[in-house]
Student: 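Handing you this structure, nothing more for now.
Worth saying up front: this structure is predicted, and the values here are computed from it rather than measured. The sequence lines fix the lettering, A, B, ..., with proteins before strands; numbering per chain opens at 1.
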There are 2 protein chains.
Amino acid sequence: MKRPTGKPAKGRQRRARRATSVDVARLAGVSQSAVSRCFTPGASISEKTRSKILAAAQRLDYAPNAIARTLISGRSRIVGVVLPNITNLFYPEVLHELSLRLQAAGLRVLLFNVPYGQQIDDVMPDVLQYQVDGIITSARCSAAVGADCRRRGVPIVFYNREFPELPGSSVKCNQVAGAARLADLLIDAGHRRIGLIAGPDNSPTAHDRERGFVQRLRARGVDLCARAGGDFLYDIARAAARSMLGQPRRPDALFCANDTMAFGAMDAARHDVGLAVPDDVSIVGFDDSGPSRWRGYDLTTVRQPLEAMTAAAVELLVQSFGQPGMPAARRLIDGELVVRSSARVAPPASD
Amino acid sequence: MKRPTGKPAKGRQRRARRATSVDVARLAGVSQSAVSRCFTPGASISEKTRSKILAAAQRLDYAPNAIARTLISGRSRIVGVVLPNITNLFYPEVLHELSLRLQAAGLRVLLFNVPYGQQIDDVMPDVLQYQVDGIITSARCSAAVGADCRRRGVPIVFYNREFPELPGSSVKCNQVAGAARLADLLIDAGHRRIGLIAGPDNSPTAHDRERGFVQRLRARGVDLCARAGGDFLYDIARAAARSMLGQPRRPDALFCANDTMAFGAMDAARHDVGLAVPDDVSIVGFDDSGPSRWRGYDLTTVRQPLEAMTAAAVELLVQSFGQPGMPAARRLIDGELVVRSSARVAPPASD
DNA sequence: CGCGCGATTGCATACGTATGCGCTTCAACG
DNA sequence: CGTTGAAGCGCATACGTATGCAATCGCGCG
């Protein structure tokens, strides 16, 4: 008998020991099992015992140790939320909605911010070490990591991404359809010289938006008259718009692949080139981020239905908790066209 | 012997069992202790054993179970980040910086978003259940909860808040000094009719900014000529500015307690009242949030030194991990005046 | 070649809780 | 009053890892 029971280790105990279920059991005169059942919804326990235990627990200021619970039950009730580049004006709202809904579902959010220049694969091992019950992410992971999650039975939901080759469900705003509606709006307003400021090359979202827009243009017999990359950033888009609109045969309408770039384009038009919006040039964006509503921009755009998307993501995740098969559902949700004053809606009266 | 060792429980095993340190030990032909030491930095282990173990671990695709590690070591390496109302334009950047720095320090972020209308005290028990090593928050908790954390040895760092009566360190931008510099700037530019759009009544930050501004005004012999609440929101501030600037004897300068309200005020001045900024009215804000740099606003404001504040917060937290005494350090960091074009900087040439 | 000492290693235990199983209790029913 | 069954309870064990202690190994020195 090297180390008799009851004699605590020495190096331990750096922090005040909090009461355990054993302490509560002792005080309440019941077994530790009873205490556990008292705090397990749906467990078999009498009302009398429960109240005795609750009283003791309150006196000792006891709360169940979620970590120990996780270890034995195999369920952590933690969801890993893995986001690249939180500063993008769109993610904060996502994270806000997401955390509220997950909390409401009794789940905790373990947040992983993938630093610029790093891949999601680099942080994935860390996520898995914490035994998360599921993962919500808007980044692409490698097939190896995907298989890893599948093997471990950790469901993944891709947010605004879709990777058919990877295991996991996905929730997406229909970027293609949204961009097409903007194309329709511009053409219906009589625009024929239409320019585009695109997002980053590596962003599937940006790609979808561009594709949806250009395809619809083509289908209606119109070609882009200008294109530049804006990287989803204000400054780059503003510079791009400035040079585009400075040309002699300039576009009379501009589609920007997100709102932030549209703000840059509007500022370029007004302040750098001296054009009026929408009288000289119509400008539309995508996202309906906060400043779109501001009087200084009043941007026509497509709103991503955040609430619906987030609700769907949480729903899909919770569903797959039961099924190890992971049915891999796909949800495609339409965005909502928000017409404001940054683009004219009808051809000019006289031509 | 009710349940012989080795016979696994039935209800368990809903997910694929991942390899454990025991599996790795068996494959590598060493003890489980050796595996543990192999993954514990600084532990005593020979190079030969380490490589054997690493090979076995790789074959089994093993990674240590952070939850089990937490249970026995008493340290989770998880930090609870408790934020109210993430949508505030300022918090996303905070969260971004914070998560990056905590991750860099080997810590995980368990995010708690306090829903509107709920108190931080309501979520604190949940935070503590997960055995977090520390807490960073920008909300006030009750004395009871504070004492609770102290007793459990969980250090708290208040971010941009300071509660002398509560245990815990704090990091704060010097709101008072920053607002005073804005007051100086306006007075130096010759403004004497100065209005203020305040933040929410329950926000200490808003309160500090107002106090700092008004005190400096007084000290230099100037009184506020108008005041209204803007609740940190664009729409409310815009309406307030509209009515303020519509008066016959209107202010010729406006201090808004945050940037978002300043944008509302600028839009009100230009579009609702028809005044030029800064020729007819100077407008200043506080935060230096993204749109401040945009050409459409180009706002004179005070930048909160996010990087420094965040670094300090993480540093204070990590420091207190060792000391159960929790020295409760206070860091006050000055903001940086950012002069742009929304406020004139010198008295008009002729009067 | 023997000794001594530091570096490694293995053994055993502990962390706090969930849960299968068997026993007890108790109420309902005939 | 005996029988039956369900509900409640306690016992014992398991989850996966860290760590004190003792035993062992390996190496240098005399």
Student: Does one side chain, of Thr70(B) or Tyr130(A), offer a donor that lies under 3.5 Å from an acceptor on the other?
Tutor: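 The criterion, which ignores hydrogens and geometry beyond distance, is not satisfied for Tyr130(A) and Thr70(B).
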Student: Find the distance Ile53(A):CD1 to dT17(C):P and express it as a whole number of Å.
Tutor: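 Distance check: Ile53(A) CD1 to dT17(C) P gives 13 Å.
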Student: Around atom CD of Gln58(A), are there more than 12 heavy atoms of other residues, nucleotides or ligands at under 6.0 Å?
Tutor: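 Atom CD in Gln58(A) is not packed in, count stays at 12 or less.
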Student: Once you round it to whole Å, what is the distance between P of dT9(C) and CZ of Arg37(B)?
Tutor: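 For the pair Arg37(B) CZ and dT9(C) P, the rounded distance is 8 Å.
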Student: Closer than 4.0 Å, any side-chain N/O of Ser36(A) to the OP1 or OP2 of dT17(C)?
Tutor: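 Negative; the distance criterion is not met.
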Student: Rounded to whole angstrom units, what separation is found between the CD1 atom of Ile72(B) and the P atom of dG20(D)?
Tutor: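 Computing the Ile72(B):CD1 to dG20(D):P distance gives 10 Å.
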Student: Tell me whether the side-chain N/O atoms of Tyr62(B) come closer than 4.0 Å to OP1 or OP2 in dT17(D).
Tutor: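 Result: yes.
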Student: Is the phosphate of dT9(C) approached by Ser44(B) (side-chain N or O, under 4.0 Å from OP1 or OP2)?
Tutor: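 No, because none of the side-chain N or O atoms of Ser44(B) sits under 4.0 Å from OP1 or OP2 of dT9(C).
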Student: In whole Å, I'd like the distance from the CG atom of Asp23(B) to the C1' atom of dG16(D).
Tutor: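 Distance, rounded to whole Å: 10 Å.
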Student: On the nucleotide dT17(C), are OP1 or OP2 found under 4.0 Å from the side-chain N or O atoms that Ser21(A) carries?
Tutor: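 So the side chain of Ser21(A) is within the cut-off, an N or O lying under 4.0 Å from OP1 or OP2 of dT17(C).
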Student: Do Arg152(A) and Cys149(A) come within less than 4.5 Å of each other through their side chains, counting heavy atoms only?
Tutor: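 The answer is no, as the side chains (C-beta and beyond) never meet within the 4.5 Å cut-off.
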Student: Establish whether the base of dC15(D) is bridged to the side chain of Thr70(A) by a donor-acceptor pair shorter than 3.5 Å.
Tutor: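 Counting by modelled atom types and ignoring angles, no donor-acceptor contact under 3.5 Å is found here.
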Student: Between Arg108(A) and Phe112(B), is NZ or CZ placed under 6.0 angstrom from the six-membered ring centre and within 45° of the ring axis?
Tutor: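 No.
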Student: Hey, does Ile45(A) reach any base, or is it just sugar-phosphate, or nothing, if we go heavy atoms under 4.0 Å?
Tutor: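 Result for Ile45(A) = sugar-phosphate.
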Student: Give Val35(B) one of three labels, base, sugar-phosphate or nothing, depending on what nucleic acid heavy atoms sit under 4.0 Å from its own.
Tutor: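 Val35(B): no heavy atom of the nucleic acid under 4.0 Å.
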Student: Could you check whether the side chain of Ser33(A) and the base of dT19(C) have a donor-acceptor pair of N or O atoms closer than 3.5 Å, going by distance alone?
Tutor: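 Counting by modelled atom types and ignoring angles, a donor-acceptor contact under 3.5 Å is found here.
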Student: Write down the distance between CD1 (Ile67(B)) and P (dA14(C)), rounded to a whole number of angstrom.
Tutor: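 It works out to 23 Å between those atoms.
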Student: Write down the distance between CD (Gln32(A)) and P (dT13(D)), rounded to a whole number of angstrom.
Tutor: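 Checked: the CD to P distance equals 14 Å.
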Student: Do the side-chain N or O atoms of Thr20(A) get closer than 4.0 angstrom to the phosphate oxygens (OP1, OP2) of dG16(C)?
Tutor: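 The answer is no; no side-chain N or O of Thr20(A) sits under 4.0 Å from OP1 or OP2.
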Student: Do Ser33(B) and Ser36(B) pair up side chain to side chain, a donor and an acceptor below 3.5 Å, judged on atom types alone?
Tutor: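 Note: Ser33(B) and Ser36(B) side chains miss the donor-acceptor criterion.
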